[in-house]
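Below you'll find the structure, written out as structure tokens, and then a few comments.
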Amino acid sequence: VCLPSNRTSSGARRRRTRCRRCEACLRSECGECHFCKDMKKFGGPGRMKQSCIMRQCIAPVLPHTAVCVVCKEAGKEDTLEDEEDKFNFMLMECSICNEIVHPHCLKMSDASGVVNDELPNCWECPKCNHAGKRGKGSTCVCKTKSHEPDVSSSSSSSSSADLHRYRRLKCVQMERHVIRPPPISPPPDRLPLKDGKTHVIQREVWMKIFNYLSHQELCVCMRVCKTWNRWCCDKRLWTKIDLNSTTPLMLSGIIRRQPVFLDLSWTNISKKQLSWLINRLPGLRVLKLSGCSWAAVSALCTSSCPLLRTLDVQWVEGLKDAQMRDLLSPPTDNRPGQSLGPQSSAYETDLRLAGLDITDTSLRLICQQMPNPSRRTRNPGGCSATATTWWTRGLCNRVTDHSLNFFKRCGSICQIDLRYCKQVTKTACERFIAEMSVSVPFKLKEDKLLQKAS
DNA sequence: TGTAACGTCTCT
DNA sequence: AGAGACGTTACA
Ligand SMILES: [Zn+2]
Ligand SMILES: [Zn+2]
Ligand SMILES: [Zn+2]
Ligand SMILES: [Zn+2]
């Protein structure tokens, strides 16, 4: 009997399993939810056999034993550096036909798969996407579900039911991102010339030269030829992206480059554009939104950004205490997910709040949500125990001495910048230092600039 | 092995 | 459509 390798011995499709890293996975069982009450350990009959609702994984992963149906090998993204290579050699499970493949192994250069952002390693494979023959571009998956092609209803059920369950959990209108067909080859090492020969300079040398160019100059180079276009798209050249105005075309350009540092300060970006971006930049660590509208910044209330470490919301018009509460609380629509507050997985956090019309109320909320030191020992990323949380603030006229009381309970805090908070006194800062001296010694680096003394 | 719980089937 | 049941998988 010859079974496809992406099925188990009994022919069932491969199950996903919890990621063990997300906020939900790291929680312990609540003991109170419907499924906990069913568990034998909580005195139930144990018939339902479901995960605690509080622990339902945000991003279930393919099992370690999963392999590509074509080449029978596992995912190889960890061994690759380039973002495109990573994608081509990671395992992708089709939500319609359930096949698990390396996109590279499909070799369908003319068709494109549609990546599903809701689950890791999930897409509609080029075959199924082609068979579906739906219009491309943004489509609400919730709405299109009812007229999905009936590929295999009689033979074997597809995973769109895995997905449906998951969507119920995470029911947010998700746009889908059509990706380019996987490139056939890695970027060429040499520049082909007209006479059939190649240029003497190798790619890595060119890359060193490109490194000296501004982004504007790189854009000019990208128009020179296919090879330069490919080379100039290298993510190493685009780790930091600055924009002073945003257009839809630029947004897709940002996605292709997957920056970790994104500066959208003082731009006219809209809420829709920002959430579109955040949903597609899982690796984003630094996000600068100073001078943007609260309408735009509020996109952060509904999108999670797991690796974000620095958030700059200085001078965001309309960001007051109530808005800060929304920003710090988990998404309101029952979706599991991380808020952008400091309780996210980030262990070094830099939050810039200057110029906001916030009061002590916001600071109390922020301090409440700071990771407390005892919880940090569970850090899944293996981040060292000395990792610190770093706060910078300033120029909030309505913040008073009272806020310093909240900071006393945040053992992980590293720096508090109150220099421009007119209502905060030097005396209060000195009292803060004195009271903290037993547990966490602080010093005054400048007037009203508190810094951990270690 | 044992424990957790995924995916799907059945019943309402 | 939704809830419950359960065989079977994932993983230690
Ligand atoms: Zn529970
Ligand atoms: Zn998880
Ligand atoms: Zn393969
Ligand atoms: Zn498929």
Side-chain angles (χ1 to χ4, degrees), chain A residues 1-69 72-75 77-78 90-101 116 118-125 128 140-174 333-337 378 380 382:
Chain A
V1 196
C2 185
L3 283 159
S5 57
N6 66 335
R7 299 270 155 162
T8 59
S9 53
S10 71
R13 56 179 284 247
R14 292 215 167 266
R15 274 182 198 178
R16 282 178 178 257
T17 187
R18 61 166 67 255
C19 74
R20 299 154 171 276
R21 298 166 47 145
C22 73
E23 210 177 305
C25 282
L26 292 173
R27 277 197 274 260
S28 45
E29 275 151 344
C30 73
E32 290 167 0
C33 73
H34 188 59
F35 296 132
C36 276
K37 280 178 184 156
D38 167 74
M39 294 176 197
K40 281 190 170 150
K41 65 175 142 189
F42 294 117
R47 283 193 296 249
M48 312 238 252
K49 299 191 273 194
Q50 299 297 304
S51 160
C52 164
I53 288 168
M54 299 303 290
R55 295 192 67 231
Q56 282 183 346
C57 178
I58 292 158
V61 294
L62 293 171
H64 290 126
T65 49
V67 290
C68 169
V69 72
K72 322 288 180 202
E73 287 182 42
E77 65 270 29
D78 291 344
M90 73 202 281
L91 291 175
M92 295 299 285
E93 180 190 39
C94 176
S95 58
I96 295 170
C97 69
N98 299 332
E99 265 189 14
I100 297 171
V101 293
N116 188 325
E118 295 164 84
L119 280 174
N121 305 70
C122 182
W123 70 344
E124 284 176 23
C125 73
C128 294
C140 172
V141 283
C142 303
K143 280 178 190 162
T144 54
K145 197 200 144 279
S146 54
H147 44 88
E148 246 159 29
D150 195 11
V151 190
S152 57
S153 59
S154 56
S155 53
S156 70
S157 48
S158 82
S159 68
S160 41
D162 167 33
L163 258 181
H164 179 58
R165 207 171 77 112
Y166 186 69
R167 272 176 202 150
R168 252 196 307 162
L169 192 74
K170 188 182 170 175
C171 192
V172 64
Q173 181 180 330
M174 267 293 186
D333 49 1
N334 285 333
R335 279 183 315 123
R378 291 197 315 192

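Labels below follow one simple rule: chain letters A, B, ... track the order of the sequence lines, proteins then strands, and each chain is numbered from 1. Only a predicted model underlies this, so the values are computations on that prediction, with no experimental measurement involved.
In terms of the side chain to side chain contact (heavy atoms under 4.5 Å, CB included) criterion, residue partners of A/M54 (sequence neighbours excluded) are, by chain and number, A/R27, A/C30, A/C52.
The two residues A/E124 and A/S95 have their closest heavy-atom pair at CG-OG, 3.6 Å. The shortest non-hydrogen separation linking A/I100 to A/L62 is CD1-CD2, 4.1 Å.
Nearer the 5' end of DNA chain C, as judged by each residue's closest nucleotide, is the contact made by A/F35, out of A/L62 and A/F35. When each of A/H34 and A/T17 is assigned the nucleotide of DNA chain C with its nearest heavy atom, A/H34 is the one assigned upstream, toward the 5' end.
Under the 4.5 Å side-chain criterion, counting only non-hydrogen atoms from C-beta, A/L119 is not in contact with A/E93.
Counting non-hydrogen atoms under 4.0 angstrom, A/K41 reaches the backbone sugars and phosphates but no base.
Protein atom CG of A/N98 is 12 Å distant from nucleotide atom C1' of B/dT8, rounded to whole Å. C/dC6 atom P lies 17 Å from atom CE of A/M39, rounded to whole Å. Look at CD on A/Q56: it is 11 Å from C1' on B/dC6, rounded to the nearest Å. Taking atom NE2 on A/H64 and atom C1' on B/dC6, their separation rounds to 16 Å, with Å as the unit. Counting to the nearest Å, the C1' atom of B/dT3 and the CZ atom of A/R20 are 12 Å from each other. Counting to the nearest Å, the C1' atom of B/dC6 and the CD atom of A/E93 are 12 Å from each other. Put simply, CG on A/D38 is 12 Å from P on B/dA5, counting in whole angstrom units. Taking atom CD1 of residue A/I53 and atom P of nucleotide C/dG4, one finds them 10 Å apart after rounding to whole Å.
Scanning atom types as modelled, no donor and acceptor separated by under 3.5 angstrom connect the side chain of A/Q50 and the base of C/dG4. If you check distances only, the side chain of A/R14 never reaches the base of C/dT9 with a donor-acceptor pair under 3.5 Å.
Closest to the side chain of A/R18, from the set C/dG4, B/dA5, C/dC11, is B/dA5. The side chain of A/P63 sits closest to C/dA10 out of C/dA10, C/dG4, C/dC6. Which of B/dA4, C/dC6, B/dG7 sits closest to the side chain of A/R16 comes down to B/dG7. Side-chain proximity of A/K49 to C/dA12, C/dA5, C/dG7: nearest is C/dG7. Side chain of A/R47, nearest nucleotide from C/dA5, C/dC11, C/dT8: C/dA5.
Looking at A/N121, its side chain never comes within 3.5 Å of a backbone N or O of A/V61 through a donor-acceptor pair.
Phosphate contact (OP1/OP2 of B/dA5, side-chain N/O of A/R55, threshold under 4.0 Å): present.
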